[in-house]
Amino acid sequence: MNFQEFISAAAQMALSGGDANESRLLDAEMTAESLVSSVFKRITLVINADPDKRALLRRTNTIALTSGVGTLPSTILMECLPGATITDPDDDQIAQDMSYVPNYFDYLEAAGYETRLGYWTVMANATTGNTIRYIRPNDIGVETKTGNVALTVVTVPTIPALPTDTLDAPQEFIDMATVALSNALRMKEAA
Amino acid sequence: MACNYHEILAAVALRTNALIGAKAGPLETTYNTRPLTAANFQSSIFPFSDYRTAILGAEEKLAQVIAKSNDEDQRAYLMAQTAVLANGAGLPSVSSGSLSILGPFGATLDGTDTTIVCTPQPVQVIRRRLATPSLWKIPVYWFAIVGNRIEHTRATVVRECPVYDYATRKTAFTANGNMLLADGLMEALICGGISMLVRDDEFVVQAATYVSYFNDTLNSFRPAKAA
């Protein structure tokens with residue numbers, strides 16, 4: 001299903017149960033498009049909350065680090081990070097020693113206290129995108145990694161660049177998102 | 001359309017005693033002569049060309065009323081399109097062929113693909129769309145009319161418009177071309193033409209009778225609702 005078809009399906013679904021000629025949702029494509037980002041995120045969180053479904057949206061994101069600091073794609077939600085796995089192509093054994101530390105203060109404390117293990121954290125940054133910070137084992141409290149790491153985590157599907165581009169998401173997600181977008185248009189549920 | 005102008009001309013001229021032929025036989029011959037010319041006419045009250053003016057005058061009246069009606073089948077005989085209109089353009093008074101626009105516009109169409117009909121939206125929505133182009137990927141075909149201006153979300157649009165051009169009809173009449181409107185309005189054109197043929201006290205009663213017939217037709221078109 002491409003993006004145009006997705007929007008059209010949700011807009012048409014929103015007209016169900018009434019006279020289309022009388023509906024305030026008759027020309028709702030622009031409103032629908034404005035809700036897509038929120039709907040995608042909400043459905044992603046619904047899937048993330050269900051261990052049986054997480055595999056649907058688990059993606060591996062390559063992140064470039066400079067001195068242990070990089071920018072997280074906007075398709076990765078903070079709420080999904082506790083279930084993430086981080087790997088390093090330079091050290092295929094490192095994943096088992098890396099821990100996600102949500103709080104930046106705890107991250108600094110841990111990195112200085114137990115240097116035999118590695119840590120990573122994410123700090124919100126509205127301007128440049130959320131920042132990931134990464135300290136490997138034996139970095140001794142100083143972020144030194146320069147190069148790529150791979151973060152495998154439940155990820156929000158990307159909104160296509162063109163109406164004719166296919167949605168890069170499993171059908172189960174698309175079906176849930178279509179209904180959710182339709183309901184959002186009808187004010188039946190929050191986007 | 002198969003009815004040509006000189007069918008109407010013959011009927012109108014007959015009722016003002018203008019056709020040559022003192023007896024039934026010659027009159028029948030003149031009545032069926034095509035094309036009719038000034039040589040077929042004998043009236044000292046109305047010159048030959050005035051019949052054209054009267055009949056086309058009736059056609060103009062009908063066209064005006066039809067253009068302002070919601071009878072889409074009849075409006076189809078008058079329809080043309082404007083030139084392409086950029087966002088914010090003023091609404092034109094002539095079509096793309098420089099013909100005078102008679103009445104309310106019809107559909108608004110995408111200027112690139114005129115098979116796509118645009119739909120109205122509040123101007124505020126359109127302005128929001130235009131102010132934030134990078135936000136939107138799904139194309140929308142929207143327009144708003146504000147005063148005499150059009151705002152829309154396409155590169156260009158065109159608008160359907162009913163037109164009437166006297167010079168074109170005059171040429172068609174002279175060449176005994178087909179009448180512009182539906183064949184079913186032939187009788188109305190005859191009545192309208194006769195109703196305009198009054199000079200001093202000549203044919204006054206007859207004109208009054210035929211104008212009532214003509215008005216019956218004019219009044220049968222339902223005015224369009226205000227947009």
Side-chain angles (χ1 to χ4, degrees), chain A residues 1-15 18-41 74-75 126-129 156-169 174 177-178 180-182 184-187 191, chain B residues 70-73 75 85-88 91 104-146 149-160 222 224-227:
Chain A
M1 178 182 278
N2 68 34
F3 190 43
Q4 173 78 68
E5 291 166 340
F6 168 69
I7 294 289
S8 295
Q12 186 61 33
M13 199 181 283
L15 293 175
D19 181 351
N21 286 306
E22 302 291 328
S23 175
R24 63 184 172 76
L25 298 173
L26 197 54
D27 233 346
E29 274 73 5
M30 186 169 144
T31 305
E33 195 176 347
S34 72
L35 294 166
V36 166
S37 178
S38 299
V39 166
F40 273 22
K41 284 174 182 159
S74 61
T75 51
T127 306
T128 62
V156 183
T158 307
I159 296 174
L162 297 171
T164 50
D165 286 350
T166 300
L167 285 176
D168 182 18
I174 293 172
T178 307
L181 181 54
S182 166
L185 284 169
R186 295 165 65 123
M187 305 289 284
Chain B
N70 61 2
D71 285 277
E72 298 301 339
D73 53 333
R75 274 168 59 91
L85 303 169
N87 181 53
L91 294 177
F105 290 96
T108 300
L109 312 171
D110 179 56
T112 305
D113 181 352
T114 54
T115 64
I116 300 176
V117 177
C118 300
T119 50
Q121 281 284 340
V123 68
Q124 294 88 342
V125 175
I126 290 171
R127 198 163 290 156
R128 187 176 301 132
R129 173 90 183 188
L130 297 175
T132 55
S134 62
L135 279 181
W136 315 107
K137 300 178 176 73
I138 303 297
V140 292
Y141 298 83
W142 291 344
F143 74 97
I145 303 296
V146 183
R149 301 211 159 270
I150 185 167
E151 295 210 13
H152 57 76
T153 60
R154 310 304 306 160
T156 58
V157 296
V158 297
R159 302 200 79 194
E160 293 178 335
R222 295 157 291 170
K225 291 177 185 171

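Any value given below was found using the heavy atoms of this structure, including those in side chains, with hydrogens, waters and symmetry copies removed. Keep in mind that what you see is a predicted model, and the values were worked out from it rather than measured. Chain naming here is simple, since letters A, B, ... match the order of the sequence lines and numbering starts at 1 in each.
- With a 4.5 angstrom heavy-atom cutoff, B:L135 touches chain A only via backbone atoms.
- Heavy atoms of A:S34 lying under 4.5 Å from chain B belong to its backbone as well as its side chain.
- Heavy-atom contacts from other residues, nucleotides or ligands closer than 6.0 Å to CG of A:D168 number 12 or fewer.
- Counting all heavy atoms, side chain and backbone alike, B:W136 lies closest to A:M30 at CZ3-O, 3.3 Å.
- Residues from residues 4-13 of chain A that place a non-hydrogen atom less than 4.5 Å from a non-hydrogen atom of chain B comprise A:Q4, A:I7, given in numerical order.
- Closest approach of A:P163 and B:I138 over heavy atoms only: CB-CD1, 4.1 Å.
- Applying the side chain to side chain donor-acceptor pair (under 3.5 Å) criterion to A:S182, with sequence neighbours excluded, gives no partner residue.
- Across all non-hydrogen atoms, the minimal contact from A:L162 to B:K137 is N-CD, 4.4 Å.
- With sequence neighbours excluded, the residues satisfying side-chain contact (heavy atoms from CB on, under 4.5 Å) with B:T115 are B:D113.
- Under the salt bridge (Lys or Arg N to Asp or Glu O under 4.0 Å) criterion, the residue pairs touching residues 123-136 of chain B are B:R127-B:E151, with sequence neighbours excluded.
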